[in-house]
Amino acid sequence: MKFSEIASAKKIGKDFFELSFSIDSEVKPGQFLMIWVPGVKEIPMSVSNLKNPITISFKAIGETTRKLSTMREGQRIFYRGPYGNTFPEPKGRAAYVAGGTGIASLLPLIRIHPGDVYYGLRTAEDIVYGEIVNFVSTDDGTLGFKGNVVDLFIKEDKEYDEVFVCGPEPMMKYFHDKIDRRKYGKIYYSLERLMKCGVGICDSCSINGFRVCKDGTVFEHEQLDMMDEFGTVRRAESGRRIFLK
Amino acid sequence: MKFSEIASAKKIGKDFFELSFSIDSEVKPGQFLMIWVPGVKEIPMSVSNLKNPITISFKAIGETTRKLSTMREGQRIFYRGPYGNTFPEPKGRAAYVAGGTGIASLLPLIRIHPGDVYYGLRTAEDIVYGEIVNFVSTDDGTLGFKGNVVDLFIKEDKEYDEVFVCGPEPMMKYFHDKIDRRKYGKIYYSLERLMKCGVGICDSCSINGFRVCKDGTVFEHEQLDMMDEFGTVRRAESGRRIFLK
Amino acid sequence: MDISTVIAGTRFDNPVFLASGIVDETLKSVERAIKSGAGAAVTKSIGKDERPGYAPPIISELPTGMINAVGLANPGIDDFIDEFRTSKLKEKIVVSIFGKDSEEFLELAKRVQEVGFKTVELNLSCPHVKGYGSEVGEDPDLVEEIITELKNKTNLKVWAKLTPNVTHIVDIAKAAEGADALVLINTVKAIGVNIWARKFSLTNGIGGYSGPGIKPIALRAVYDVYRETGKEIIGVGGITSYEDAIEFILLGAKAVQVGTAIYYKDFQIFNEISQGIINYLEKEGFENLQEIIGLMVR
Amino acid sequence: MDISTVIAGTRFDNPVFLASGIVDETLKSVERAIKSGAGAAVTKSIGKDERPGYAPPIISELPTGMINAVGLANPGIDDFIDEFRTSKLKEKIVVSIFGKDSEEFLELAKRVQEVGFKTVELNLSCPHVKGYGSEVGEDPDLVEEIITELKNKTNLKVWAKLTPNVTHIVDIAKAAEGADALVLINTVKAIGVNIWARKFSLTNGIGGYSGPGIKPIALRAVYDVYRETGKEIIGVGGITSYEDAIEFILLGAKAVQVGTAIYYKDFQIFNEISQGIINYLEKEGFENLQEIIGLMVR
Ligand SMILES: Cc1cc2nc3c(=O)[nH]c(=O)nc-3n(C[C@H](O)[C@H](O)[C@H](O)COP(=O)(O)OP(=O)(O)OC[C@H]3O[C@@H](n4cnc5c(N)ncnc54)[C@H](O)[C@@H]3O)c2cc1C
Ligand SMILES: Cc1cc2nc3c(=O)[nH]c(=O)nc-3n(C[C@H](O)[C@H](O)[C@H](O)COP(=O)(O)OP(=O)(O)OC[C@H]3O[C@@H](n4cnc5c(N)ncnc54)[C@H](O)[C@@H]3O)c2cc1C
Ligand SMILES: Cc1cc2nc3c(=O)[nH]c(=O)nc-3n(C[C@H](O)[C@H](O)[C@H](O)COP(=O)(O)O)c2cc1C
Ligand SMILES: Cc1cc2nc3c(=O)[nH]c(=O)nc-3n(C[C@H](O)[C@H](O)[C@H](O)COP(=O)(O)O)c2cc1C
Ligand code: FES
Ligand code: FES
């Protein structure tokens, strides 16, 4: 476990925060850190800006993220990592399809290799990083396309050499099953699952024997084809299967 | 503990043997290895030739050295080290004063920087490395000067910038106390004491708080001036003091 | 080169097994270990009821290994059975179970037997959960009772996994005499401290120490127990290389389990160790694995 | 910055001591440790009679520390007294003694007191010599008897050094309640194997494991004992840096001892750790060492 001092702390949207701090190792696009808030919990967080001071971007949804959102410049932040495999750098026309906090893991790539950014939100006031978004959807139609970002993406119907997707698993599952695979070159998904160890030994993040933390987080479209648990079975903290839908 | 295969095994004199084997670290003049003979014991041995395959040169005096003397090419030899500090490389006229197996620790330096080699033995048939010896003494006068090597050295009365001494502690003590210090530049002694750990933690080789294995084996003349236990008190395996003379 | 090994009458292709609790909560991961070359794989320990386990941090990396306090997270026997019953690799899957007394252990064992598993491993040794694991396994009478009960009332092979956190592991091993094999050792009770947060490294404070740092302790346990009881032993604790595995085998282990090394070397560790053992046997002139089992003790 | 510490009423300039058995067989080496910055130095354990100890190899280096089986080599109390009686640093020298029963311990303690030493450390914990050390120290009754005897019949401060090789170290600590301070821990029972010689790494086979690999175990012992007994504790086991020392102190240790780290960093370790503690206290805004002793447990 390492620690660093927070270089800057910003609120960038409704319940949405950025913390920046310097770390002592190189991070690649798509990788995540395990962030420990002593006295609370340790949670995975994507790195949304790779250069020191690196940045994490998160929504305050529970006790740990809420505590993180109260942290200020100069305070200590504890972390380990970076962990996980990485997105390959895109070579052609790229699309980025994000849902909610999933945008965080795509940001580094978007900055390195601009492309079309599709962003799905619940409602208008959830918008963050609006300046880099090309196509936006909201569930309630208060901003952009009314509906989910997958349907927006399909409606736009553009061709891409590489597509990068990150968001809630149901959204990624829907994307995976709905899109016309032949229209795109490579499609990469960065998965999110309950993580306890972050380093591939506790099995709590596994989908069909693939550990999201270690074999992923980034998987290709065709790998997901073979994972019948993807989008259908998630795991409780106990490891108990929770069947979706 | 590492091991190597014996590259060559030679008898080079009465009860005197050389074993050569390659090791994986660099050895400096004066350093020693801890040689382990499984089932018997682990003992310190100077490295008498520094380049791979390095050489140890020893007299079969007890159970371990006798067992070593029976070892043949291809057999495994176990060692750790090298340990100990090193002789500095001489810059001027050098003398080497050896007693018995003490010659082993001086050989590397003699090869790098030739000088006058004085060698003291009990009797003529103990001679080894005769080709590099300039002045020889035997206790019984069967070869060279009759008497000990210190008296021979004093009799020859030459001037040296650096003198290197290695032999039994009583011989070195005699040398230390007898010679005319002002005639020589630097004088270095490589000490030998009962060693158990070889790495400075068991204290069994210590003289006045200096560990021969770690602070030595090489000490300067002036360091020995301050060691009142040098040549007067040795230690049993228990640590009990044995007062000499 | 034949590196198969026979434990309590059951033959395994190779002696390198996956240890309980490391990537073995889900069936597919367990099967992945076997397909990656593990001679057998032990599941995460399963209890009667679902337990979420402790909140993260549940592991803390050390220069000498790792400490963990997962807290016996498990889905409970019902969901476990439901997920694992379909496996075609049941002969190579050993189900680890934990309970607070012989009744719980028996209930779990029967469920496991019902769906076709052949072997259970008894977790008598997890050091960080009150009322289970080592709290059961440090009591020789309880250990004996549990094993007797399981041997009398099931047809399962019973492996008893013992804790090193006792004064005399040989006494516990003797109490476990009725088991078909002994698994030595579980993690060592330990603590990690973060001086910059001035908090324990793990949410639970106390954890179990695994990895290279416990190997010398595990070797001692295997040696003492093998010498004193002659029982069939599976060695575990800090094995990360074929050399480590052979150390255990020379002291009497018929097989080894690998846990924390997955963190260092991932699933390839199984083939790496098996291949290393083969090379060693060839180089040293042995005919098969059998020849070196307990060689230094016999 | 004040990093002095008071143990059983005795003040030491700094809390970093030399542990028993490491470069402390000869008086001059013990004094060297003190002159190099050790707040105190514990001698190698001394018994009634001379013992040569085991034949080398007596130590074996591991990636995670070291195992040793020196075998309580010592010159016997007579020669020891003869050598050490002249020391002017007696206040900072703690004499470690070992015996098989209270009678032997008492006899040794009296000899030590006679020549002016103030503190003895009882070796109730060496794991590799039959009839001594941990064989004595795992028996709560014997531990209690020895300490009672010494406290009743001498004026010495008594530090009791306990073994981690027991099921419940807290039980032993309670048996040792009469001691002025507890020293936790001695080495952990362990074995090293050389697979290329197919022999034990040490002549004695069984040895004691020390160095970084045992630190998590030692921390656990200190925490459990401090929490359950509130006794004055000196922490030892795997300390090689100021961070390590502070971990022990936060869990309740009033001082630490350093052994194997001498192998890694030599005599400068004492000043390095003391200076590190000073810097830490300054950086973290503490006034003195006292403030952090047991901070995580209080
Ligand atoms: C690889 C990875 C990268 C991540 N990167 C980011 C990031 O960059 N920004 C960000 O805001 N979040 C990210 N997350 C999610 C983040 O880890 C969770 O939001 C966090 O664990 C919540 O912790 P908490 O203690 O605040 O909430 P908790 O109190 O633990 O939970 C609050 C609620 O959210 C639910 N919840 C928590 N985690 C998840 C999850 N992973 N999926 C679905 N529901 C969940 C809980 O069930 C609960 O209902 C990432 C997750 C993973 C696995
Ligand atoms: C740093 C160092 C380097 C050495 N280098 C060499 C070398 O290059 N060649 C070589 O032949 N020897 C060398 N020695 C000495 C060698 O280590 C001993 O000869 C060896 O330990 C004897 O082991 P053994 O089991 O054969 O004899 P043992 O059975 O242990 O002893 C046989 C007899 O020799 C005596 N003896 C053993 N060691 C010593 C000693 N150090 N001083 C005085 N008497 C002793 C014993 O007391 C006993 O009487 C060195 C010693 C040291 C400390
Ligand atoms: C993260 C983790 C979880 C573990 N869970 C269990 C468990 O559920 N049941 C069990 O018997 N042992 C469990 N263990 C102990 C291991 O099976 C093994 O005995 C121990 O880790 C020593 O082996 P190693 O050094 O190879 O990891 C666990 C170990 C780790 C590291
Ligand atoms: C070579 C060696 C010799 C030791 N001898 C003794 C001893 O005589 N008496 C004793 O109480 N402890 C002895 N110990 C144990 C240490 O004092 C200490 O408790 C243990 O090594 C753990 O600390 P460390 O990790 O800092 O070395 C010895 C340890 C070593 C490594
Ligand atoms: S979080 Fe533990 S295996 Fe992925
Ligand atoms: S041989 Fe152990 S200190 Fe020198």
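The structure presented is a predicted model; accordingly, all values stated were derived computationally and were not measured.
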* So Lys44(C) and Asp203(A), side-chain contact (heavy atoms from CB on, under 4.5 Å) or not? Walk me through it. -> CA-CA 10 Å; Lys44(C) 191 157 190 166; Asp203(A) 212 23; 5.9 Å; no
* Top contributor to chain A contacts, counting heavy-atom pairs under 4.5 Å, from Pro52(C), Gly21(C), Ala197(C) -> Pro52(C)
* Asked: What part of Thr26(C) gets closer than 4.5 Å to chain A, counting heavy atoms only: side chain, backbone, both or neither?
  -> both
* To do: Starting at NZ of Lys214(A), measure out to CD1 of Ile262(C) and round the result to the nearest 0.5 Å.
  => 9.5 Å
* Structure fact -> Interatomic distance, CE@Met66(C) vs SG@Cys197(A), rounded to 0.5 Å, equals 7.5 Å
* Looking only at heavy atoms, which two atoms of Gly209(A) and Lys28(C) are closest? And how far apart? -> N-CB, 3.3 Å
* Does Arg32(C) pair with Asp215(A) as a salt bridge, N-O distance under 4.0 Å? -> yes
* Check whether more than 12 heavy atoms from other residues, nucleotides or ligands sit under 6.0 Å from atom NZ of Lys10(A), and answer yes or no. => no
* Would you name the heavy atoms of Lys196(A) and Ala73(C) that are closest together and state the gap between them? => NZ-CB, 3.6 Å
* Please assess Val23(C) against Arg211(A) for the test side-chain contact (heavy atoms from CB on, under 4.5 Å), listing each intermediate value before the final yes or no. => CA-CA 9 Å; Val23(C) 273; Arg211(A) 295 155 301 172; 3.4 Å; yes
* Asked: Is it the backbone or the side chain of Asp82(C) that comes under 4.5 Å from a heavy atom of chain A, or both, or neither?
  -> both
* Part of Thr64(A) lying under 4.5 Å from any heavy atom of chain C -> neither
* Asked: Can you tell if the side chain of Asn194(C) reaches within under 4.5 Å of the side chain of Pro38(A), non-hydrogen atoms only?
  -> no
* Asked: How long is the span from the CG atom in Asp78(C) to the CZ atom in Arg240(A), to the nearest 0.5 Å?
  -> 11.0 Å
* Flag yes if more than 12 heavy atoms outside Glu220(A) fall under 6.0 Å of its CD atom; otherwise flag no. => yes
* Given Ile201(A) and Ile59(C), is the side-chain contact (heavy atoms from CB on, under 4.5 Å) satisfied, shown in steps? -> CA-CA 10 Å; Ile201(A) 65 169; Ile59(C) 64 152; 4.1 Å; yes
* Please indicate whether Arg234(A) has more than 12 foreign heavy atoms, meaning atoms of other residues, nucleotides or ligands, lying under 6.0 Å from its CZ. => no
* Quick one: closest heavy-atom pair of Glu50(C) and Ala236(A), and the distance? => OE2-CB, 4.1 Å
* Asked: Could you go step by step and tell me if Ser238(A) and Arg51(C) meet the side-chain contact (heavy atoms from CB on, under 4.5 Å) rule?
  -> CA-CA 5 Å; Ser238(A) 65; Arg51(C) 284 176 60 96; 5.7 Å; no
* When Trp196(C), Tyr263(C), Tyr54(C), Phe200(C) are compared by non-hydrogen pairs under 4.5 Å with chain A, the top option -> Trp196(C)
* Asked: More than 12 foreign heavy atoms under 6.0 Å from NZ of Lys67(A): is that the case here?
  -> no
* Structure fact -> To the nearest 0.5 Å, atom CH2 of Trp36(A) lies from atom OG of Ser201(C) at 6.0 Å
* Asked: What do you reckon, is NZ of Lys178(A) surrounded by more than 12 foreign heavy atoms closer than 6.0 Å?
  -> no
* Does atom CD of Gln75(A) have more than 12 heavy-atom neighbours from other groups under 6.0 Å away? -> yes
* Asked: Thinking salt bridges, do Glu83(C) and Arg235(A) make one under a 4.0 Å N-O criterion?
  -> yes
* Supply the atom-to-atom distance Phe78(A) CZ to Lys199(C) NZ, rounded to the nearest 0.5 angstrom. => 9.5 Å
* Answer yes or no: does atom NZ of Lys90(C) have more than 12 heavy-atom neighbours from other residues, nucleotides or ligands under 6.0 Å? => yes
* Asked: Would you call Arg241(A) and Asp79(C) a salt bridge, using N to O less than 4.0 angstrom?
  -> yes
* Among the options Met34(A), Glu229(A), Met1(A), Arg76(A), pick out the one with the most heavy-atom pairs lying under 4.5 Å from chain C. => Arg76(A)
* To do: Mind listing the closest non-hydrogen atom pair of Gly239(A) and Pro75(C) along with its distance?
  => C-CB, 4.0 Å
* Count the heavy atoms belonging to other residues, nucleotides or ligands that lie under 6.0 Å from NZ of Lys186(A), then report whether that count exceeds 12. => no
* To do: Tell me, for Phe80(C) versus chain A, whether the close heavy atoms (under 4.5 Å) come from the side chain, the backbone, both or neither.
  => neither
* Contact class of Tyr264(C) relative to chain A, heavy atoms under 4.5 angstrom -> neither
